[in-house]
> 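The structure follows.
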Amino acid sequence: MIPRHELTDQEWELLAPLIPRAATGRPRMEDRQVVNGIRTGISWRDLPERYGSWQTVYTRFRRYALDGVFTRALQQIQARADAAGDVDRLVQIDSTIVRAHQHAAVTGRKKGDPPAGRTGRSRADGPYHAPGAVLRRRHGEVQTPGAAAERKIVCE
């Protein structure tokens, strides 16, 4: 039984020619072992010993990422699959990946207009206070916009 993060023989046959080989230097850790370690997706320091030293796996991962090895491998494998007719062109978009740009939220209001969702009552109520909002404290009593409007009516 192959562990979940291990490449199958068929997958490795596709990927092996796309991994760069070192021409000189000391013997390297086996490429398949390193790629399997990269595929685990866990923290480098928590990498199981069967994949080798985490520093080696991380160094190789970083080198491959900076050199564009993963991008080229993906493009070549996709091109082969497309040529063989194995690529299905059905595209689905999930709402978790569709984002509105930050400027899409602008309401286009004019200066002095209340923000969206709030209504300005009268000048006595204040331009942005919703009904029932606290306006001010006067001698310990709390006045609401409605109370201020009622007081005006009574005084007039």
Side-chain angles (χ1 to χ4, degrees), residues 1-121 125-137 140 142-146:
M1 180 175 166
I2 297 176
R4 157 172 82 132
H5 301 291
E6 304 284 325
L7 291 168
T8 64
D9 292 334
Q10 183 181 5
E11 291 170 335
W12 181 244
E13 286 176 19
L14 286 173
L15 191 58
L18 306 175
I19 301 294
R21 305 247 185 249
T24 61
R26 66 180 189 183
R28 298 184 344 159
M29 186 187 313
E30 184 183 338
D31 290 332
R32 185 172 182 171
Q33 183 180 4
V34 171
V35 172
N36 284 334
I38 292 170
R39 288 190 63 204
T40 61
I42 63 174
S43 298
W44 297 116
R45 292 176 189 261
D46 296 334
L47 194 67
E49 291 181 17
R50 71 176 176 262
Y51 298 116
S53 167
W54 70 267
Q55 291 98 337
T56 302
V57 176
Y58 168 74
T59 302
R60 195 92 58 94
F61 165 76
R62 183 156 168 76
R63 187 178 308 137
Y64 289 167
L66 292 174
D67 292 344
V69 171
F70 298 125
T71 304
R72 283 193 306 275
L74 178 64
Q75 290 170 347
Q76 290 181 19
I77 290 171
Q78 284 178 336
R80 287 182 199 164
D82 193 23
D86 294 337
V87 177
D88 188 7
R89 294 293 177 191
L90 176 65
V91 176
Q92 295 180 349
I93 299 176
D94 185 359
S95 64
T96 59
I97 61 167
V98 176
R99 306 257 191 267
H101 191 271
Q102 63 183 356
H103 297 131
V106 175
T107 61
R109 62 188 174 93
K110 296 178 184 173
K111 187 174 182 180
D113 288 347
R118 295 187 180 169
T119 57
R121 298 287 181 230
D125 293 340
Y128 300 122
H129 293 290
V134 175
L135 282 181
R136 61 186 169 269
R137 292 186 183 272
V142 176
Q143 296 181 352
T144 62

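Side-chain atoms are counted along with the backbone in the values below, which use heavy atoms only and exclude waters and symmetry mates.
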> Can you run down the salt bridge (Lys or Arg N to Asp or Glu O under 4.0 Å) pairs that involve residues 54-66, sequence neighbours left out, and say none if there aren't any?
Asp31-Arg60

> Does Ala65 have any side-chain contact (heavy atoms from CB on, under 4.5 Å) partners at least two apart in sequence or in another chain, and if so, which?
Phe70

> So, Asn36 side chain and Arg32 main chain: donor-acceptor pair closer than 3.5 Å or not?
yes

> Heavy-atom distance under 4.5 Å between the side chains of Pro20 and Asp67, does that happen here?
no

> I want to check something: taking the side chain as every heavy atom from C-beta on, are Gln76 and Leu14 in contact at a cut-off of under 4.5 Å?
no

> Could you list the residues that satisfy side-chain hydrogen bond (donor to acceptor under 3.5 Å, both in side chains) with Ser53, not counting sequence neighbours?
Gln55

> Could you please spell out the steps behind the side chain to side chain contact (heavy atoms under 4.5 Å, CB included) verdict for Ile19 and Tyr64?
CA-CA 8 Å; Ile19 301 294; Tyr64 289 167; 3.2 Å; yes

> Within a strict 4.5 Å, meaning less than it, do heavy atoms of the Val69 and Leu18 side chains meet?
no

> If the condition is ring pair (Phe, Tyr, Trp, His ring centres under 6.0 Å), which residues does Trp12 pass it with, not counting sequence neighbours?
none

> Any salt bridge (Lys or Arg N to Asp or Glu O under 4.0 Å) involving residues 33-55? Give me the pairs, sequence neighbours left out, ordered by first then second residue.
Glu6-Arg50, Glu11-Arg39

> Using ring pair (Phe, Tyr, Trp, His ring centres under 6.0 Å) as the criterion, list what pairs up with Tyr58, not counting sequence neighbours.
Trp44

> Working to the nearest 0.5 angstrom, can you tell me the gap between Met29 CE and Thr59 OG1?
9.5 Å

> Looking at OG1 of Thr56 and CG of Leu47, how far apart are the two atoms once the value is rounded to the nearest 0.5 Å?
10.0 Å

> Identify the two heavy atoms, one from Pro48 and one from Ile42, that lie closest to each other, and give their separation to 0.1 Å.
CD-CD1, 3.6 Å

> Identify the two heavy atoms, one from Tyr51 and one from Gln33, that lie closest to each other, and give their separation to 0.1 Å.
C-NE2, 3.4 Å

